[in-house]
There are 2 protein chains.
Amino acid sequence: MRINRKQGEMKARPVTSQRRLLLSVIQEAERHLDAKELYRRASERNPNISLATVYRNLHVFEKQGLINERHLGQARCYYEMKRLGEHQHLVCEACGQVIEFESPLIRKLVAEVQRKNNFSVTKVELYLEGHCHKCKEL
Amino acid sequence: MRINRKQGEMKARPVTSQRRLLLSVIQEAERHLDAKELYRRASERNPNISLATVYRNLHVFEKQGLINERHLGQARCYYEMKRLGEHQHLVCEACGQVIEFESPLIRKLVAEVQRKNNFSVTKVELYLEGHCHKCKEL
DNA sequence: ATGAGAATGAGAATCAATCGCAAACAGGGC
DNA sequence: GCCCTGTTTGCGATTGATTCTCATTCTCAT
């Protein structure tokens, strides 16, 4: 369960107030944020924070494995805290609601793909789009 | 097996030479193209074609269900002819190679998600990233 | 052949994301 | 506590992809 040791020795990163702020905003968020929304929320508490800093730190957090970067349909990226239990997204084309789900089939599927292709998979992103029960009827 | 009738009556779209050209380039492509590459290839046969036309028609083709839009990791979109047998993508982080795969588990998974969430799924995009057997060793 | 509506080309506009650089900061050593 | 070195930050400029605008051209049913 080593945190960060030898083997890729992570250089100590200064803990800056911006970094702390950004991480708390992400943690407090109910769900995924995109960079702009994160910037907006962070700006409320530190009006000086720069959008570039937001992007830079998102990359840092991702590299550190603190957050996940997700693509929800559009080109824009969304970010969320890494949680236990990988989940995937189901989006309604019509009303835009995002449902999170998980299934043991995913692990099974990934295992199969890894085996068949001799790959070691590090990232799984399943994106389903469709119509929710409400929008189906319209 | 109706082609396009009542119920959403698709308005006739003029068949333009650009449209025809773009579609053949996409069909002749071995794999996914992004807009720029499509533009490059189309320009070889019609140097006047505009990048805007490429984008416009990609959207048209997608709406018509002729092509699929895929997101391969990065922000950029890739397009490919719709083929029988949905396939998904496995990308090596290191060397960038893209492997296509399919598995009956995907259909099963989608069925499960549809049932549990009372959704009707119209688009399935599974993106796996990792290291291929060659890059694992480096 | 004609007219109405749709599509095109070219460049401007938009939007997300990145970069370059000078100034400010964090953290270890003294 | 103070200094030094390497990081990080803010800012403005930049890139790159995609979309928009609009005058012109084209397709096709009549």
Side-chain angles (χ1 to χ4, degrees), chain A residues 3-4 8-26 32-64 66-80, chain B residues 3-5 8-26 32-64 66-80 96:
Chain A
I3 307 303
N4 60 15
E9 192 66 57
M10 204 164 290
K11 38 186 158 305
R13 288 185 182 282
V15 175
T16 65
S17 65
Q18 292 88 333
R19 206 101 89 189
R20 234 179 298 117
L21 168 56
L22 288 171
L23 206 48
S24 9
V25 173
I26 298 174
H32 4 259
L33 301 168
D34 59 10
K36 206 162 81 190
E37 177 61 13
L38 174 54
Y39 173 57
R40 207 187 55 63
R41 298 194 191 180
S43 299
E44 290 174 1
R45 297 202 237 160
N46 171 355
N48 276 346
I49 200 167
S50 151
L51 183 55
T53 298
V54 171
Y55 278 106
R56 281 187 291 236
N57 281 305
L58 281 172
H59 293 320
V60 170
F61 297 154
E62 221 225 333
K63 205 159 297 171
Q64 294 179 325
L66 290 171
I67 64 174
N68 277 135
E69 184 191 52
R70 308 293 305 242
H71 305 262
L72 294 189
Q74 308 323 313
R76 180 154 53 278
C77 288
Y78 293 84
Y79 301 87
E80 57 189 16
Chain B
I3 308 301
N4 61 14
R5 292 258 80 76
E9 190 67 59
M10 203 165 292
K11 38 189 159 306
R13 287 186 183 281
V15 174
T16 65
S17 65
Q18 291 88 334
R19 205 102 90 191
R20 233 178 300 118
L21 169 56
L22 288 171
L23 207 47
S24 6
V25 173
I26 298 174
H32 5 257
L33 302 168
D34 60 8
K36 206 161 83 189
E37 177 62 14
L38 175 54
Y39 174 58
R40 207 188 54 65
R41 299 193 191 182
S43 298
E44 290 173 2
R45 297 201 237 160
N46 172 356
N48 277 344
I49 199 167
S50 153
L51 184 54
T53 298
V54 171
Y55 278 106
R56 280 187 291 237
N57 282 305
L58 280 172
H59 294 319
V60 170
F61 296 153
E62 220 226 333
K63 203 159 300 171
Q64 294 178 326
L66 291 172
I67 65 174
N68 278 136
E69 185 191 48
R70 307 293 305 243
H71 305 261
L72 293 189
Q74 309 323 315
R76 178 152 56 277
C77 286
Y78 293 83
Y79 301 87
E80 59 189 17

Protein-nucleotides 1-5 of chain D N/O pairs under 3.5 Å:
none

Quiz item: Which atoms form the tightest heavy-atom contact between A:Leu58 and A:Tyr79, and what is the distance?
Solution: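 Where A:Leu58 meets A:Tyr79 most closely, the heavy atoms are CD1-CE1, 3.5 Å.
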Quiz prompt | Smallest separation among heavy atoms of A:Ile26 and A:Phe61, with atom names | solution =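 Heavy-atom minimum between the residues: CD1-CD1, 4.0 Å.
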Distance, rounded to the nearest Å, where [X] contributes [atom1] and [N] contributes [atom2]:
X: A:Tyr78; N: C:dA17; atom1: OH; atom2: C1'; answer: 15 Å
X: A:Leu38; N: C:dA16; atom1: CG; atom2: C1'; answer: 14 Å
X: A:Tyr55; N: C:dC15; atom1: OH; atom2: P; answer: 13 Å
X: B:Gln64; N: C:dA6; atom1: CD; atom2: C1'; answer: 13 Å
X: A:Glu69; N: C:dA17; atom1: CD; atom2: C1'; answer: 11 Å
X: A:His71; N: D:dA17; atom1: NE2; atom2: P; answer: 16 Å
X: B:Asn46; N: C:dT8; atom1: CG; atom2: P; answer: 11 Å
X: A:Arg19; N: C:dA24; atom1: CZ; atom2: C1'; answer: 14 Å

Exercise. For nucleotides 20-30 of chain D, just jot down a letter per nucleotide in 5' to 3' order: B, S or -, based on protein non-hydrogen atoms under 4.0 Å.
Key: BB-----SS--
So, OP1 or OP2 of [N]: does either fall under 4.0 Å of a side-chain N or O from [X]?
X: A:Gln18; N: C:dC25; result: no
X: A:Lys36; N: C:dA16; result: yes
X: B:His59; N: D:dT19; result: yes
X: B:Ser50; N: C:dA10; result: no

Quiz prompt | side-chain hydrogen bond (donor to acceptor under 3.5 Å, both in side chains) contacts in which one or both residues fall within residues 46-59 of chain B, not counting sequence neighbours | solution =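 Residue pairs with at least one partner in residues 46-59 of chain B: B:Arg19-B:Asn57, B:Thr53-B:Arg56.
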Self-check item: Within-4.5 Å side-chain heavy-atom neighbours: A:Leu22 and A:Ile49
Solution: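 Answer yes - side chains close enough.
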Exercise. Compare all side-chain heavy atoms of A:His71 with those of A:Cys77 and state whether any distance is below 4.5 angstrom.
Key: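 Of all side-chain heavy-atom pairs linking A:Cys77 with A:His71, at least one is under 4.5 Å.
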How long is the span from the [atom1] atom in [X] to the [atom2] atom in [Y], to the nearest 0.5 Å?
X: B:Leu23; Y: B:Gln64; atom1: CG; atom2: CD; result: 8.5 Å
X: B:Gln18; Y: B:Thr16; atom1: CD; atom2: OG1; result: 4.5 Å
X: A:His32; Y: A:Asn68; atom1: NE2; atom2: CG; result: 11.5 Å
X: B:Leu38; Y: B:Ser43; atom1: CG; atom2: OG; result: 9.0 Å

Quiz prompt | Test side-chain contact (heavy atoms from CB on, under 4.5 Å) applied to A:Glu62 - qualifying residues, sequence neighbours left out | solution =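 Per chain and number, A:Glu62 pairs via side-chain contact (heavy atoms from CB on, under 4.5 Å) with A:Ile67, A:Glu69, A:Lys123.
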Exercise. Output, in order, the C-alpha distance, side-chain angles, deciding distance and verdict of side-chain contact (heavy atoms from CB on, under 4.5 Å) for B:Glu37 and B:Asp34.
Key: CA-CA 5 Å; B:Glu37 177 62 14; B:Asp34 60 8; 3.1 Å; yes
Exercise. Whenever both distances are under 3.5 Å in a Watson-Crick or G-U wobble pair, mark it; put DNA chain D into dot-bracket that way, with [ ] for crossing pairs and | when the partner is on another strand.
Key: ||||||||||||||||||||||||||||||
Quiz item: Within the structure shown, what part of the strands sits under 4.0 Å from B:Asp34 by heavy-atom distance: base, sugar-phosphate, or nothing?
Solution: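 The answer is nothing, as B:Asp34 stays clear of every strand by at least 4.0 Å.
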Quiz item: With a non-hydrogen cut-off below 4.0 angstrom, is A:Leu51 in contact with a base, only sugar-phosphate, or nothing?
Solution: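 Here A:Leu51 touches no strand at all.
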Quiz item: So which pairs with a foot in residues 42-55 of chain A pass salt bridge (Lys or Arg N to Asp or Glu O under 4.0 Å), sequence neighbours left out?
Solution: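 Counting only pairs at least two positions apart or across chains, the salt bridge (Lys or Arg N to Asp or Glu O under 4.0 Å) contacts touching residues 42-55 of chain A are A:Glu28-A:Arg45, A:Arg40-A:Glu44.
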